[in-house]
Amino acid sequence: MTFFNNRAFQTQIPTAPLWLGLAGVLPFVWGSISAWRPDIVQPVTDWLGSGFVARNLQLTYGAVILSFMSGVLWGFACKAPSHKAPLYFGLSVLPALWAAFLLASAAPLQFAALIGGFIALFGLDVMFFRCGLTPDWWLKLRALLTTLVLVCLSFAA
């Protein structure tokens with residue numbers, strides 16, 4: 001059994017989800033740039049506040065994306081057979097719960113927990129994909145976006 005089957009990579013990602021997904025990575029990219037180049041951050045901080053740069057932005061936006069993805073997974077859970085639906089609905093809320101606890105905590109490992117949340121989310125993507133609850137192109141898109149997000153988060157860490 002392969003981790004990704006042929007269905008995952010033979011199907012082309014539709015244009016709208018691809019471009020919108022890539023646009024959704026831009027705040028993570030800006031967070032990384034602003035973490036590495038604090039000299040360019042001051043005008044943005046003066047204009048919008050410190051929540052729009054570096055790790056502050058990545059933590060907040062990351063929690064929003066984890067919550068958004070919970071909603072997406074909830075939608076996929078609606079396709080599950082009735083005897084398995086409670087499991088998938090339960091799993092679908094985990095990223096949002098993770099995000100809430102992440103933001104509510106003042107733990108020193110908050111950023112590592114965010115990275116862990118995206119890794120766990122990808123695990124859920126794989127599970128929902130393997131169970132036939134997602135479009136054929138879903139895992140290809142999620143692999144790309146998750147990789148980009150994790151690279152950005154690791155630069156800012």
Side-chain angles (χ1 to χ4, degrees), residues 1-32 35 51-157:
M1 173 174 25
T2 59
F3 184 70
F4 300 112
N5 63 23
N6 288 338
R7 180 173 66 101
F9 291 99
Q10 288 180 346
T11 305
Q12 185 174 350
I13 302 168
T15 303
L18 175 62
W19 285 108
L20 290 169
L22 290 172
V25 174
L26 291 176
F28 290 110
V29 172
W30 169 245
S32 294
F52 287 89
V53 295
R55 289 175 61 137
N56 289 337
L57 173 64
Q58 289 187 325
L59 281 171
T60 304
Y61 186 67
V64 167
I65 293 302
L66 287 174
S67 297
F68 172 80
M69 290 307 298
S70 270
V72 172
L73 293 176
W74 181 277
F76 291 152
C78 291
K79 290 178 57 177
S82 61
H83 68 284
K84 290 186 178 182
L87 169 67
Y88 291 107
F89 282 119
L91 291 172
S92 75
V93 300
L94 292 178
L97 290 172
W98 188 274
F101 288 118
L102 170 79
L103 287 180
S105 77
L109 298 177
Q110 204 176 22
F111 212 71
L114 178 63
I115 291 170
F118 277 98
I119 293 169
L121 172 61
F122 186 70
L124 291 174
D125 286 322
V126 170
M127 179 186 290
F128 278 60
F129 175 81
R130 283 188 171 172
C131 294
L133 302 176
T134 69
D136 288 347
W137 48 267
W138 181 254
L139 203 55
K140 188 175 183 180
L141 175 66
R142 294 298 303 135
L144 170 65
L145 297 178
T146 300
T147 300
L148 293 173
V149 167
L150 291 175
V151 167
C152 290
L153 292 175
S154 63
F155 276 126

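What's counted below: heavy atoms across the whole structure, side chains too, no hydrogens, waters or symmetry copies.
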Is the side chain of [X] donor-acceptor paired with the backbone N or O of [Y] at a distance under 3.5 Å, no angle test?
X	Y	result
S92	L73	no
Y88	L133	no
T146	A143	no
T60	L57	no
Q110	L59	no

Is any side-chain heavy atom of [X] closer than 4.5 Å to a side-chain heavy atom of [Y]?
X	Y	result
L144	L22	yes
W138	F128	no
P135	F76	yes

At what distance, to the nearest 0.5 angstrom, does [atom1] of [X] lie from [atom2] of [Y]?
X	Y	atom1	atom2	answer
D125	L141	CG	CG	9.0 Å
L26	L148	CG	CG	10.0 Å
L91	K84	CG	NZ	12.0 Å
I13	W137	CD1	CH2	8.0 Å
M69	L145	CE	CG	8.5 Å
L102	L109	CG	CG	11.0 Å

Minimum heavy-atom distance [X]-[Y], with the two atoms named:
X	Y	value
P14	P17	O-CD, 3.2 Å
L121	P95	CD1-CG, 4.0 Å
A85	A80	CA-CB, 3.9 Å

>> Restricting to side chain to side chain donor-acceptor pair (under 3.5 Å), what partner residues turn up for S70, sequence neighbours left out?
In response: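 By the side chain to side chain donor-acceptor pair (under 3.5 Å) rule, S70 matches no residue at all.
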> Quick one: is the NZ or CZ of R142 closer than 6.0 Å to the six-membered ring centre of F122, and within 45° of its axis?
Replying inline: no
> Relative to each other, are the rings of W74 and F89 parallel, tilted or perpendicular (30° and 60° limits)?
Replying inline: tilted
> With under 30° as parallel and over 60° as perpendicular, where do the rings of F118 and F28 fit, or are they tilted in between?
Replying inline: perpendicular
> After noting the C-alpha distance and the side-chain angles of Q58 and F111, does the key distance pass the side chain to side chain contact (heavy atoms under 4.5 Å, CB included) rule?
Replying inline: CA-CA 9 Å; Q58 289 187 325; F111 212 71; 3.2 Å; yes
> Partners of W19 by ring pair (Phe, Tyr, Trp, His ring centres under 6.0 Å), sequence neighbours excluded?
Replying inline: none
>> The criterion is ring pair (Phe, Tyr, Trp, His ring centres under 6.0 Å); which residues satisfy it with F68, sequence neighbours excluded?
In response: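 Ring pair (Phe, Tyr, Trp, His ring centres under 6.0 Å) check on F68 returns nothing, list empty.
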> Taking everything shown except F155 itself, do over 12 heavy atoms lie less than 6.0 Å from its CZ?
Replying inline: no
